[in-house]
Amino acid sequence: YSDTVTVDAADFTGDPVTGSNSAETPGKNVMPALTITKTPSPTSVPESGGSVVFTFVIKNTSPASTDPVTLTALVDSRLGNLFGAPAANVTVNNCLALLNTVLAPNATVQCTVTATLVGDVALPHTNTITVTGKDDEQNETSATADARVDFSDVKPTVDVTKTDGGASVAEPGGTVTYTLTIQNTSFEKVNVTTLTDTVTYAKPAGSVTYDLLNPVAPVSDSDCQAKVQGGLDPGQTITCSFKLLLTGTAQTVSDEVKVVVTDNDNSTGEDKATETTPITDVKPTVDITKTDGGAFVNEPGGTVTYTVEIINPSAFEAVTVTALTDTIQYAKPLPAPAPIVVDLLAAASGPMSNNTCLTQLNAVSRILAPNAKITCTFDIALTGTSQLVADRVDVTVVDDEGSTDTDNAVEDTPIKDVAPAVEVVKTASPTQIQPGESVAYTFTVFNRSTIEPLKVLTLTDDKFGDLAG
């Protein structure tokens, strides 16, 4: 600092006189100063990512009241050079306009930067902003500020689909191949911690759950446990399959797969997929046999005992006997008469008696278990002339799906011929005559059979010859 003093004067005669003197006073330099604040909004975003606006307020706090400061640099430890090329996650940078801004003493400016933050719950986002400036003597100053943004937990997500490829199995069951597609729809890697398959039967009602990560029978040929090892990266999809033995009668089996995934924060997500696989109906079968034990009756008839055996040959399904009838078909008299039908599931009536079939079937509610059979008897009173009587038994069964089957068996029982009996009575009138007188002979033919009528074919006399001619 240079200072000069000048004095103007006059002597006693009035003559002017001038004098001056200079001095140099050195000035002390005062360093500039800045402050900066950094405020994020919001202060927390989902760990999968969110947009945050950072607001920066810069103030010239230089102690010299006349010291301006020019802003020369604004660098963030995570967001990059805000007066140049910021980090890739910065979407809006309004701070670039402050480059070379001159701040008067106590003046303030602010700017904002918008950035997308992705992270982890355990590792909050922290960053430091540094502003740099210089005064008119090229003295440089800087200031820093920190900010923290937390990450909130985002549960992982997973998508699973399941198909049997349109498969079905026939009663009593079979093996079905199921194919699974598992996709990690999360933003981060997940591990498959649970993979189960639950089979729900309608008949009999019940469910069983199997662990596909540790498969045991009836699950087989599974590659799912191997394919999910090591976890799934974001967006990764795996396809695996397993075989499952389904057993039962005709029904639709519901098969549900459940997958649970876990992320690095031990948060879990799950999904389920269901496939319905039909066990198709196999129609029931029934076998029946019948015998009269070689019996026969003589004309005009008698009682015959028939033995029938009814068998359910199915190895897996019970059947119910819904009808059991016996049909008697006589051949004579001609034309053949209408058949006689008796109900063996009803009380004895008509020609039928001593029926044990009804009793035995009722004892088991008319239900034949798999591979079961019953043997029963009944009596039929046959009447008629010599002939073969066709005696047919018919059975009808139904399973629990309403499907039916029938079978029949025929036994021919003979009514054997009994020889006819005839008597001829011959009388003369008068019983005494003279030579040349006439005698009237009377012939009376008696049918002594109690069974059938007789037809006179010949009538001859040893003296008179053919009397029917």
Side-chain angles (χ1 to χ4, degrees), residues 40-53 78-79 87-92 114-126 148-167 176-200 207-215 219-244 253-277:
S41 178
T43 57
S44 177
V45 293
E47 61 177 339
S48 56
S51 184
V52 177
V53 177
R78 302 289 293 275
L79 304 180
N89 64 324
V90 174
T91 57
V92 178
T114 303
T116 300
L117 303 185
V118 178
D120 189 83
V121 173
L123 298 172
H125 175 94
T126 57
R148 168 174 168 160
V149 177
D150 293 320
F151 294 107
S152 59
D153 185 35
V154 175
K155 291 185 178 299
T157 57
V158 64
D159 182 71
V160 63
T161 62
K162 179 179 188 179
T163 180
D164 62 9
V176 177
T177 298
Y178 292 99
T179 300
L180 308 182
T181 300
I182 304 172
Q183 181 182 20
N184 176 14
T185 53
S186 307
F187 74 98
E188 60 186 339
K189 185 175 182 177
V190 296
N191 291 313
V192 175
T193 52
T194 300
L195 187 61
T196 58
D197 190 69
T198 299
V199 184
T200 300
S207 297
V208 183
T209 299
Y210 304 103
D211 184 359
L212 298 181
L213 297 181
N214 297 284
V219 177
S220 63
D221 297 337
S222 172
D223 62 355
C224 294
Q225 65 271 40
K227 289 198 173 180
V228 300
Q229 284 183 356
L232 300 179
D233 292 325
Q236 182 181 355
T237 299
I238 65 104
T239 299
C240 66
S241 64
F242 64 93
K243 292 181 179 179
L244 178 66
V253 180
S254 176
D255 194 283
E256 179 187 82
V257 66
K258 176 182 177 182
V259 59
V260 178
V261 295
T262 304
D263 64 13
N264 63 332
D265 306 311
N266 287 323
S267 296
T268 61
E270 67 178 57
D271 193 27
K272 299 176 182 178
T274 300
E275 179 68 294
T276 53
T277 304

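Under the 4.5 Å side-chain criterion, counting only non-hydrogen atoms from C-beta, Tyr178 is not in contact with Val257. In this structure, the side chains of Leu180 and Leu212 come closer than 4.5 Å at one or more pairs of heavy atoms. Residues Asn266 and Thr262 form a side-chain contact, since some pair of their non-hydrogen atoms from C-beta on lies under 4.5 Å apart. Side-chain atoms of Ile182 and Leu232, non-hydrogen and from C-beta on, do get closer than 4.5 Å to each other. Within the 4.5 Å cutoff, side-chain heavy atoms of Val192 are placed close to those of Val261. Looking at Thr161 and Thr163, their side chains never come closer than 4.5 Å, going by heavy atoms from C-beta outward.
Side-chain N or O atoms of Asn184 include one that pairs as donor or acceptor with a backbone N or O of Asp233 at under 3.5 Å. For the pair Lys189 (side chain) and Asn264 (backbone), a donor-acceptor distance under 3.5 Å is absent. One N or O on the side chain of Ser186 and one on the backbone of Thr157 form a donor-acceptor pair closer than 3.5 Å. Side-chain atoms of Asp221 never come within 3.5 Å of backbone atoms of Lys243 as a donor-acceptor pair (strictly under, hydrogens ignored). Of the possible donor and acceptor atoms, one in the side chain of Glu47 sits under 3.5 Å from a partner among the backbone N and O of Val154. When atom types are taken as modelled, the side chain of Asp263 and the backbone of Asp265 share a donor-acceptor pair closer than 3.5 angstrom. For the pair Thr193 (side chain) and Val260 (backbone), a donor-acceptor distance under 3.5 Å is present. One N or O on the side chain of Asn89 and one on the backbone of Thr116 form a donor-acceptor pair closer than 3.5 Å. A donor-acceptor contact shorter than 3.5 Å links the side chain of Thr91 to the backbone of Thr114.
In terms of the side-chain contact (heavy atoms from CB on, under 4.5 Å) criterion, residue partners of Glu256 (sequence neighbours excluded) are, by chain and number, Lys272, Thr274. Scanning for side-chain contact (heavy atoms from CB on, under 4.5 Å) contacts around Pro215 gives Val219, Ser222, Gln225, with sequence neighbours left out. Residues that satisfy the side-chain contact (heavy atoms from CB on, under 4.5 Å) test with Ser241, not counting sequence neighbours, are Thr177, Thr179, Asp223.
For Ser48 against Val118, the heavy-atom pair with the smallest separation is O-CG2, 3.8 Å. Of all heavy-atom pairs spanning Phe187 and Pro234, the tightest one is O-CG, 3.3 Å. Residues Pro46 and Ser152 share a closest heavy-atom pair of CA-OG, 3.3 Å.
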Walk me through whether Val160 and Val158 qualify under side-chain contact (heavy atoms from CB on, under 4.5 Å). CA-CA 7 Å; Val160 63; Val158 64; 5.7 Å; no
Does Leu117 form a side-chain contact (heavy atoms from CB on, under 4.5 Å) with Arg78? I'd like the steps, not just the answer. CA-CA 10 Å; Leu117 303 185; Arg78 302 289 293 275; over 6 Å; no
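Here Asp197 contributes atom CG and Thr209 contributes atom OG1; the two are 8.0 Å apart, rounded to the nearest 0.5 Å. Between the CG atom of Leu244 and the OH atom of Tyr210 there is a distance of 6.5 Å, given to the nearest 0.5 Å.
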